[in-house]
Q: 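Below you'll find the structure I mean.
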Amino acid sequence: MRVLLASLLLAACATAPQRTPLERVAGCWINRDIGAVTMRWLPESAQPGTLHGTRIDYSQSGAARHGRYTLEPSGEGFALCELDSEGATAVSCWQVAAGEGGSLEGGRAFIDAHGDRLRIAVLGAGAERLIFQGRRDGCD
């Protein structure tokens, strides 16, 4: 009986639906390692099903630096796009990696979100580019 119950529980865990990248990153995040870096992923009212991300680097030397991003459905997956300083035009876009396969040509965005930790990086022909790494924070 216990073996049957354990098998059923294991099967239920294995078939649980994966959360989408939108569900994994939505909300507010912070990294307090040196100064502070925040990342907020909030719904885009003009584009339902899209999150708008704002990264602010409050460095200890000088003015805060801003970065703007979108995360949206694209083809059979999702795309992460870096926007210009006004947040109006995509400068670069990367397909979000799903699973372990796929070409890195043109770059791939990797979103690793577990519990209260988030890491977003882009990997392509060159070195890895870290966009954000931090912990969950409250949106105030």
Side-chain angles (χ1 to χ4, degrees):
M1 181 68 168
R2 287 184 182 176
V3 173
L4 179 60
L5 183 58
S7 296
L8 288 173
L9 289 174
L10 183 60
C13 291
T15 59
Q18 286 268 348
R19 294 186 320 154
T20 69
L22 297 173
E23 294 167 328
R24 292 190 314 235
V25 304
C28 300
W29 306 84
I30 192 163
N31 182 330
R32 291 186 175 98
D33 286 347
I34 299 175
V37 179
T38 61
M39 185 109 204
R40 292 175 177 252
W41 288 100
L42 303 173
E44 177 63 53
S45 60
Q47 297 174 303
T50 298
L51 292 180
H52 180 78
T54 303
R55 179 184 186 274
I56 304 174
D57 184 348
Y58 301 95
S59 66
Q60 294 177 333
S61 58
R65 294 187 315 251
H66 292 74
R68 291 175 169 64
Y69 301 86
T70 61
L71 182 59
E72 57 194 66
S74 170
E76 293 184 26
F78 290 86
L80 173 71
C81 294
E82 182 174 20
L83 305 177
D84 62 13
S85 60
E86 288 81 37
T89 306
V91 176
S92 298
C93 290
W94 306 277
Q95 195 67 29
V96 175
E100 296 180 16
S103 169
L104 293 178
E105 186 175 333
R108 288 277 186 171
F110 290 85
I111 298 174
D112 184 20
H114 295 286
D116 69 341
R117 296 182 181 274
L118 173 67
R119 185 174 195 278
I120 301 172
V122 174
L123 187 60
E128 178 185 74
R129 177 179 166 212
L130 182 63
I131 292 177
F132 180 80
Q133 182 171 321
R135 299 178 69 87
R136 173 96 39 206
D137 193 33
C139 293
D140 30 301

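Here the structure is a predicted model, which means the values were calculated and not measured.
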Q: In Å, rounded to the nearest 0.5 Å, how long is the span from CD1 of I120 to CE of M39?
A: 5.0 Å

Q: Could you report the tightest heavy-atom contact between Q95 and S74, atom names first, then the distance?
A: NE2-O, 3.5 Å

Q: Determine whether L123 and F110 make a side-chain contact, defined as any pair of heavy atoms from C-beta on separated by less than 4.5 Å.
A: yes

Q: Taking atom CZ of R117 as the centre, does the number of heavy atoms from other residues, nucleotides or ligands within less than 6.0 Å exceed 12?
A: no

Q: Does some side-chain heavy atom of W94 sit less than 4.5 Å from a side-chain heavy atom of R108?
A: no

Q: State, with a plain yes or no, whether a side-chain heavy atom of T50 is found less than 4.5 Å away from one of F78.
A: no

Q: Just so I know, are the side chains of E82 and R129 near enough to count as touching, which here means a heavy-atom distance under 4.5 Å?
A: yes

Q: Just jot down the salt bridge (Lys or Arg N to Asp or Glu O under 4.0 Å) partners of R65, sequence neighbours excluded, or say none.
A: D57

Q: Could you tell me the separation between the CH2 atom of W29 and the CZ atom of R135, rounded to the nearest 0.5 Å?
A: 10.0 Å

Q: Got a donor-acceptor contact below 3.5 angstrom from the T20 side chain to the E23 backbone?
A: yes

Q: With a 4.5 Å heavy-atom cut-off, do T70 and L83 have their side chains touching?
A: yes

Q: Roughly how far apart are R40 CZ and L51 CG, rounded to 0.5 Å?
A: 14.0 Å

Q: What is the distance from atom CD1 of I131 to atom CZ of R55, rounded to the nearest 0.5 Å?
A: 8.5 Å

Q: Is it true that L22 and V25 fall in one hydrophobic cluster, defined by side-chain heavy atoms closer than 4.5 Å?
A: yes

Q: Measuring only between side-chain heavy atoms, which start at C-beta, is W41 closer than 4.5 Å to H52?
A: no

Q: Distance from C139 atom SG to L42 atom CG, nearest 0.5 Å?
A: 5.5 Å

Q: Measure the spacing between CZ of R68 and OG1 of T89 and express it to the nearest 0.5 Å.
A: 12.5 Å

Q: Does any N or O in the side chain of N31 come within less than 3.5 Å of the main-chain N or O of Q133, such that one atom is a donor and the other an acceptor?
A: yes

Q: Considering non-hydrogen atoms only, spot the tightest contact between A64 and I56 and give its length.
A: CB-CG2, 3.9 Å

Q: For residues D137 and R32, report the shortest heavy-atom separation together with the two atoms involved.
A: OD1-NH2, 4.2 Å

Q: Tell me, do C28 and T38 make a side-chain contact under 4.5 Å, heavy atoms counted?
A: no

Q: Is any side-chain heavy atom of L80 closer than 4.5 Å to a side-chain heavy atom of Y69?
A: yes

Q: Please name all residues satisfying salt bridge (Lys or Arg N to Asp or Glu O under 4.0 Å) with E128, sequence neighbours left out, ordered by chain then number.
A: R119

